[in-house]
Amino acid sequence: NDKSLIVSFGEMLIDFVPTVSGVSLAEAPGFVKAPGGAPANVAIAVARLGGKAAFVGKLGDDEFGNMLAGILKENGVIATGINFDTGARTALAFVTLRADGEREFMFYRNPSADMLLRPEELNLELIRSAKVFHYGSISLIVEPCRSAHLQAMKVAKDAGALLSYDPNLRLPLWPSEEEAREQILSIWDEADVVKVSDNELEFLTGSDKVDDETAMSLWRPNFKLLLVTLGEKGCNYYTKNFHGSVEAFHVDTVDTTGAGDAFVGALLCKIVDDQSVLEDEPRLREILRFANACGAITTTKKGAIPALPTPADALKLVNE
Ligand code: ADP
């Protein structure tokens with residue numbers, strides 16, 4: 001179709017989540033598979049909302065990798081940017097929220113296929129045709145996917161794409177906090193649109209205040225839009241000429257996984273064909289209300305991908 005393409009770059013993996021809540025990994029009686037990975041969630045969010053999305057990344061040539069590629073295709077995401085590694089396995093994570101409120105993680109990454117994407121494997125034609133190129137940070141952690149990430153960003157930017165960055169901080173994956181902060185900020189300046197959560201804002205700035213001054217310390221001359229998402233409090237937005245907040249919707253939240261990805265996917269769908277909305281505050285606020293609705297809907301069901309909204313779901317909430 002002739003819609004403009006949104007390419008999302010990075011990891012896709014399977015989270016194994018205990019069948020009962022509030023237990024440690026060791027106590028879990030069983031696990032259910034929850035496919036995810038923030039960049040893959042964003043691609044599916046875009047496609048489910050009717051946009052044109054492609055995913056670029058690497059999976060293992062195994063049962064899990066084929067399952068994930070199938071999920072992308074079933075959801076209408078273009079899969080020509082996916083590579084399969086014949087040696088390494090698909091990334092897996094075991095994740096639980098314990099009764100004491102702590103999140104416990106265990107990763108199968110030694111290394112997993114996603115970390116082994118090489119620059120020469122990139123589908124450059126696909127990346128060059130992106131109107132928006134979206135990426136996270138996990139692919140910055142190790143080589144060779146770090147080089148692939150940097151190369152893909154450069155190719156997209158040189159071809160005129162709008163660059164969209166969500167750092168998706170997953171601290172347990174980084175060797176240290178300092179390295180995470182340094183690497184995330186090392187590609188900060190190039191983005192056009194950046195979305196951080198309140199926690200990421202605190203982490204990246206070292207401040208414990210989620211206020212305008214702290215947010216603006218992350219602003220760069222190249223930026224067109226900086227967003228700080230605040231969970232049930234909605235989001236704050238910053239542009240060169242104006243800033244403000246848009247309230248969240250009240251919903252019955254059961255699982256917040258994927259809310260930020262739904263928010264980003266919705267935003268990208270709305271700006272891909274008309275970037276002038278980034279300079280028009282009333283129109284931008286309307287788009288952020290829609291993105292907030294998409295984030296909110298995603299919290300009302302378990303898991304990320306099954307909970308991502310259709311346009312009808314989103315409009316219903318927006319018009320309530
Ligand atoms: P992330 O998932 O990246 O941490 P947030 O949790 O801030 O990002 O969620 C992104 C957006 O989704 C928020 O700005 C908000 O609009 C919506 N959202 C998230 N959690 C809730 C919630 N509990 N109730 C209503 N809306 C929510």
Side-chain angles (χ1 to χ4, degrees), residues 1-12 37-59 68-69 71-73 75-84 114 117-140 144-168 187-195 220 222-227 260-279 287 291 294 308:
N1 60 36
D2 56 3
K3 283 183 217 156
S4 299
L5 178 66
I6 297 169
V7 169
S8 193
F9 175 93
E11 78 282 5
M12 185 171 199
N41 292 343
V42 169
I44 295 175
V46 167
R48 195 161 299 164
L49 287 170
K52 185 173 175 184
F55 175 72
V56 174
K58 201 171 199 188
L59 301 168
L68 293 177
I71 289 170
L72 288 169
K73 286 183 214 161
N75 281 283
V77 175
I78 296 165
T80 55
I82 301 175
N83 288 275
F84 288 93
D114 54 337
L117 180 66
R118 295 188 310 257
E120 61 272 25
E121 291 176 316
L122 291 168
N123 181 341
L124 295 181
E125 199 187 323
L126 179 72
I127 294 169
R128 275 193 205 103
S129 63
K131 196 88 169 271
V132 170
F133 183 76
H134 174 77
Y135 48 95
S137 286
I138 289 173
S139 37
L140 281 179
C145 67
R146 180 187 155 75
S147 292
H149 182 154
L150 299 176
Q151 165 89 4
M153 270 175 69
K154 183 174 185 329
V155 167
K157 185 155 197 141
D158 289 350
L162 183 91
L163 298 196
S164 160
Y165 186 21
D166 176 350
N168 289 306
I187 59 164
W188 205 247
D189 299 12
E190 278 119 291
D192 298 292
V193 174
V194 171
K195 174 238 172 244
R220 296 293 186 273
N222 189 58
F223 283 9
K224 294 192 171 80
L225 175 63
L226 171 65
L227 293 157
D261 304 327
F263 176 95
V264 169
L267 170 78
L268 297 182
C269 274
K270 295 288 185 187
I271 66 176
V272 64
D273 278 318
D274 185 4
Q275 293 177 23
S276 72
V277 295
L278 298 173
E279 287 155 33
I287 287 170
C294 290
L308 294 168

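One-based numbering along the sequence shown.
Note: D261 CG to C294 SG = 12.0 Å, rounded to the nearest 0.5 Å. With rounding to the nearest 0.5 Å, the separation of CG in L72 from CD1 in I82 is 4.5 Å. Rounded to the nearest 0.5 Å, atoms NZ (K157) and CG (N222) are 4.0 Å apart. Atoms OG and CG, from S8 and N41 in turn, are 9.0 Å apart once rounded to the nearest 0.5 Å. Within the model, atoms CG of L267 and OG of S164 stand 7.0 Å from one another, a figure rounded to the nearest 0.5 Å. To the nearest 0.5 Å, atom CG of residue L140 and atom CZ of residue R146 are 5.5 Å apart.
Heavy atoms only, all atoms of each residue included: C269 and L49 are closest at SG-CB, 4.0 Å. When all heavy atoms are compared, the tightest approach of A156 to L163 is CB-CD2, 4.1 Å. The minimum heavy-atom distance linking D189 with R220 is given by the pair OD1-NE, 3.1 Å. The two residues G265 and A45 make their nearest non-hydrogen contact at CA-CB, 4.2 Å. Looking at every heavy atom in both residues, A43 comes nearest to A54 through CB-O, 4.2 Å. Of all heavy-atom pairs spanning V77 and F55, the tightest one is CG1-N, 3.6 Å.
In this structure, the side chains of Q275 and L162 come closer than 4.5 Å at one or more pairs of heavy atoms. In this structure, the side chains of I44 and I71 come closer than 4.5 Å at one or more pairs of heavy atoms. Counting heavy atoms from C-beta on, the side chains of V155 and D158 never come closer than 4.5 Å. Contact annotation: the side chain of V56 approaches that of L122 to within less than 4.5 Å [non-hydrogen atoms, C-beta and beyond]. Put simply, the side chain of I187 reaches to within 4.5 Å of the side chain of L150, judged on heavy atoms. Contact check for L117 versus F9: side-chain heavy atoms found under the 4.5 Å cut-off.
When atom types are taken as modelled, the side chain of S147 and the backbone of P119 share no donor-acceptor pair closer than 3.5 angstrom. Within the 3.5 Å criterion, the main-chain N or O of T80 finds a donor-acceptor partner in the side chain of N123. When atom types are taken as modelled, the side chain of E279 and the backbone of S276 share no donor-acceptor pair closer than 3.5 angstrom.
A parallel orientation is assigned to the rings of Y135 and Y165, their planes being inclined by less than 30° (bins at 30° and 60°).
Judged purely by distance below 3.5 Å, without hydrogens or angles, the side chains of S4 and D273 pair a donor atom with an acceptor atom.
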> Step by step, would you call K52 with V46 a side-chain contact (heavy atoms from CB on, under 4.5 Å)?
Replying inline: CA-CA 7 Å; K52 185 173 175 184; V46 167; over 6 Å; no
> Between V7 and L5, does a side-chain contact (heavy atoms from CB on, under 4.5 Å) hold up when you go through it step by step?
Replying inline: CA-CA 6 Å; V7 169; L5 178 66; 3.6 Å; yes
> What's the verdict on side-chain contact (heavy atoms from CB on, under 4.5 Å) for F223 and D192, showing C-alpha distance, side-chain angles and the deciding distance?
Replying inline: CA-CA 4 Å; F223 283 9; D192 298 292; over 6 Å; no
>> Would K58 and D114 count as a salt bridge (charged side-chain N to carboxylate O under 4.0 Å, His left out) here? Give the steps.
In response: CA-CA 5 Å; K58 201 171 199 188; D114 54 337; over 6 Å; no
> When you look at H134 and V264, which way does the side-chain contact (heavy atoms from CB on, under 4.5 Å) test go after all the steps?
Replying inline: CA-CA 9 Å; H134 174 77; V264 169; 3.5 Å; yes
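Other residues, nucleotides and ligands contribute more than 12 heavy atoms inside 6.0 Å of the CD atom of E120.
Between D166 and K195, at least one side-chain nitrogen of the basic residue sits less than 4.0 Å from a carboxylate oxygen of the acidic one, meeting the salt-bridge criterion. Between E121 and R118, at least one side-chain N (NZ, or NE/NH1/NH2) sits under 4.0 Å from a carboxylate O, which counts as a salt bridge.
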